[in-house]
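To start, the structure itself, in structure tokens.
Position 1 is the first residue of the sequence; numbering continues from there. Atom set for the values below is all heavy atoms of this structure, side chains included, hydrogens, waters and symmetry mates excluded.
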Amino acid sequence: MVVSKAASESDLSIHSTFASRYVRVSLPRFKMPENSIPKDAAYQIINDELMLDGNPRLNLASFVTTWMEPECDKLIMDSINKNYVDMDEYPVTTELQNRCVNMIAHLFNAPLGEGEAAVGVGTVGSSEAIMLAGLAFKRKWQNKMKAQGKPHDKPNIVTGANVQVCWEKFARYFEVELKEVKLEDGYYVMDPEKAVEMVDENTICVAAILGSTLNGEFEDVKRLNDLLVEKNKETGWDTPIHVDAASGGFIAPFIYPEIEWDFRLPLVKSINVSGHKYGLVYAGIGWVIWRNKEDLPEELIFHINYLGADQPTFTLNFSKGSSQVIAQYYQLIRLGYEGYKNIMENCQENTRVLREGLEKIERFNIVSKEIGVPLVAFSLKDNSRHNEFEISEHLRRFGWIVPAYTMPANAEHVTVLRVVIREDFSRTLAERLVADIEKVLHELDNLPARVTAKLAATVEGEVSSGHKKSPMEVQLEITNVWKKFVAEKKKTKNVIC
């Protein structure tokens, strides 16, 4: 005789998570719950909510790596519990970082002697790298001015208005004036001539961008170096250059080796690069390399005795994971020069496919350059009826995340869409994206012009009052209305930017 027993409420093994009480109430959002919940329920509930995020592989707004080989994924998980700062406990991890620094320094043509170690450090992205490089320039400048008996309380940096926000953070956090070269319509990078004109005795460095986030263009570091050499001779100053190669540092050496932008130029004293962009590592790793030891003031380096060993450190943080450092070393030795070159050439080719596909539509102006970071920035030839923000919004229906944004000061009337081509963006996806953009344009052509309609009454009122705005003014107003609309929509979704 078989004896059966009804399952009790405590016998959780036979219950589905979706049949449990844990999915019948909203999860706490502001206070820690009083009671625990089963691990499978916690996982399932969080995983379900994360499904509402965008697909990283289709996030064409980001330069950051979204795919790595399974073998590297395993290395990352195997080292996820290692705190990088414990150098004495994890000496091999420290050694791998030093190997990466030396490999990248040689890639950037650092003037190293036989067996000489490079000067650099791994960081949490290029933002920290830029902070460290900026601090080194500021301290060197201050020491020089003190030695000359001159004021040292008003340092400045000269750069283009197209710089990433981390430069503005550095300037504000560390009390350095940021002198920006304004952009021009059709010229969206720093003009070397204008930059050198803005240099004065208090300039701690000129920052050049190898791969503008706006359109991927490389700034002319060679021209900047030559002009600055002449100015230094005339004035007796020794104003140096920092190259923000966050996006382009792992591109130029492989497909544009003839371009001089790195330590081959005498005034380039430090370079930062993002390992988590075209260094092909997941988010969380950057690098800053100095030309030589003299360019990194010794007083900025801390020597600490922690957990049994002297540890020299120059960072803005202390604890951090080891996984990304290990992943960077994996990519460098796994791919080698040949592998990186093949990947960058493939990205370049897919960029060409996308650009040519958009040109065939005959409704876009291509704003990006053929030489630079593999991306395509483009704007509508005629945005009087529908604009780039609407295209961006409608593309999300197909899963694509394509940003639309206005250019910085002096070019605010120009709105562009930008598609970043990463390693995992195939030709098939490029062709599919072009087809989906055509579908969106066709759909918009059959819809009323929502944003322009909102301005119709205003424009008509201006005409009747005798004041008619220029096409540029109208476009700026249309753009501002749309941006306000998008901002309000985000507020309703509790999105914090």
Side-chain angles (χ1 to χ4, degrees), residues 63 121 123-146 150-184 188-214 217 219 221 224-225 228 231 237-249 267-274 277 286-290 295-297 299-300 314-317 405-412 497:
F63 294 85
V121 65
T123 59
V124 183
S126 274
S127 293
E128 185 189 7
I130 285 168
M131 303 284 176
L132 298 180
L135 285 171
F137 282 118
K138 181 181 178 182
R139 182 57 58 90
K140 282 207 69 175
W141 174 83
Q142 287 176 325
N143 291 343
K144 179 188 69 174
M145 299 299 277
K146 288 178 183 177
K150 296 180 179 180
H152 55 274
D153 60 339
K154 296 186 183 299
N156 68 69
I157 283 180
V158 175
T159 189
N162 57 312
V163 292
Q164 214 264 356
V165 70
C166 58
W167 284 99
E168 298 177 34
K169 287 184 178 181
F170 167 77
R172 188 179 302 177
Y173 295 166
F174 296 102
E175 299 181 320
V176 177
E177 179 189 2
L178 192 65
K179 299 170 70 173
E180 294 185 342
V181 179
K182 301 301 182 184
L183 307 185
E184 298 177 11
Y188 305 121
V189 292
M190 181 178 69
D191 185 324
E193 281 79 6
K194 292 181 179 179
V196 173
E197 288 174 6
M198 296 175 72
V199 169
D200 59 32
E201 192 175 18
N202 293 329
T203 302
I204 64 175
C205 77
V206 180
I209 313 298
L210 194 78
S212 171
T213 57
L214 299 178
E217 187 174 353
E219 293 184 343
V221 187
L224 175 65
N225 178 87
L228 206 49
K231 183 153 189 172
W237 304 335
D238 56 356
T239 308
I241 295 172
H242 173 84
V243 179
D244 180 356
S247 300
L267 291 184
V268 174
K269 302 300 182 180
S270 56
I271 300 171
N272 70 276
V273 65
S274 292
K277 292 183 180 177
W287 303 91
V288 57
I289 311 294
W290 283 272
D295 295 309
L296 175 56
E299 63 262 37
L300 293 179
F314 180 36
T315 62
L316 295 181
N317 55 61
Y405 53 89
T406 55
M407 289 295 190
N410 289 12
E412 304 100 320
C497 298

Once rounded to the nearest 0.5 Å, what's the spacing between atom [atom1] of [X] and atom [atom2] of [Y]?
{"X": "L132", "Y": "L296", "atom1": "CG", "atom2": "CG", "result": "9.0 Å"}
{"X": "E197", "Y": "K194", "atom1": "CD", "atom2": "NZ", "result": "8.0 Å"}
{"X": "N202", "Y": "D153", "atom1": "CG", "atom2": "CG", "result": "8.0 Å"}
{"X": "K140", "Y": "K269", "atom1": "NZ", "atom2": "NZ", "result": "7.0 Å"}
{"X": "K144", "Y": "E201", "atom1": "NZ", "atom2": "CD", "result": "7.0 Å"}
{"X": "I204", "Y": "W141", "atom1": "CD1", "atom2": "CH2", "result": "8.0 Å"}

Side-chain donor or acceptor of [X] paired with backbone N/O of [Y] under 3.5 Å:
{"X": "S127", "Y": "C166", "answer": "no"}
{"X": "N162", "Y": "V189", "answer": "no"}
{"X": "K179", "Y": "N156", "answer": "no"}
{"X": "Y188", "Y": "P408", "answer": "no"}
{"X": "T406", "Y": "E412", "answer": "no"}
{"X": "D200", "Y": "T203", "answer": "yes"}

* **ring-ring contact (aromatic ring centres under 6.0 Å, His included) partners for F170, two or more places apart** => F174
* Any residue meeting ring-ring contact (aromatic ring centres under 6.0 Å, His included) with Y173, in chain and number order, not counting sequence neighbours -> none
* Over 12 non-hydrogen atoms of neighbours within 6.0 angstrom of NZ in K146 -> yes
Are [X] and [Y] side-chain neighbours, meaning at least one heavy-atom pair lies under 4.5 Å?
{"X": "V206", "Y": "M198", "value": "no"}
{"X": "T315", "Y": "T123", "value": "no"}
{"X": "S270", "Y": "F137", "value": "yes"}
{"X": "V199", "Y": "W237", "value": "yes"}
{"X": "I271", "Y": "L210", "value": "no"}
{"X": "L316", "Y": "L135", "value": "yes"}
{"X": "K182", "Y": "E180", "value": "yes"}

Ignoring hydrogens, what is the shortest heavy-atom contact between [X] and [Y]? Give both atom names and the distance.
{"X": "K138", "Y": "E175", "answer": "NZ-O, 4.2 Å"}
{"X": "L300", "Y": "A136", "answer": "CD1-CA, 3.6 Å"}
{"X": "G249", "Y": "V273", "answer": "CA-CG2, 3.8 Å"}
{"X": "A195", "Y": "V158", "answer": "O-CG1, 3.5 Å"}

* What residues form a side-chain contact (heavy atoms from CB on, under 4.5 Å) with A208, not counting sequence neighbours? -> M190, E219, V221, L224
* **Identified side chain to side chain contact (heavy atoms under 4.5 Å, CB included) counterpart of H242 within the set N272, D295, L267** => N272
* Output, in order, the C-alpha distance, side-chain angles, deciding distance and verdict of side-chain contact (heavy atoms from CB on, under 4.5 Å) for T239 and K231. => CA-CA 9 Å; T239 308; K231 183 153 189 172; over 6 Å; no
* Report the C-alpha distance between D244 and T159 in whole Å, list the side-chain angles of each, state the deciding distance to 0.1 Å, and finish with yes or no for side-chain contact (heavy atoms from CB on, under 4.5 Å). => CA-CA 10 Å; D244 180 356; T159 189; over 6 Å; no
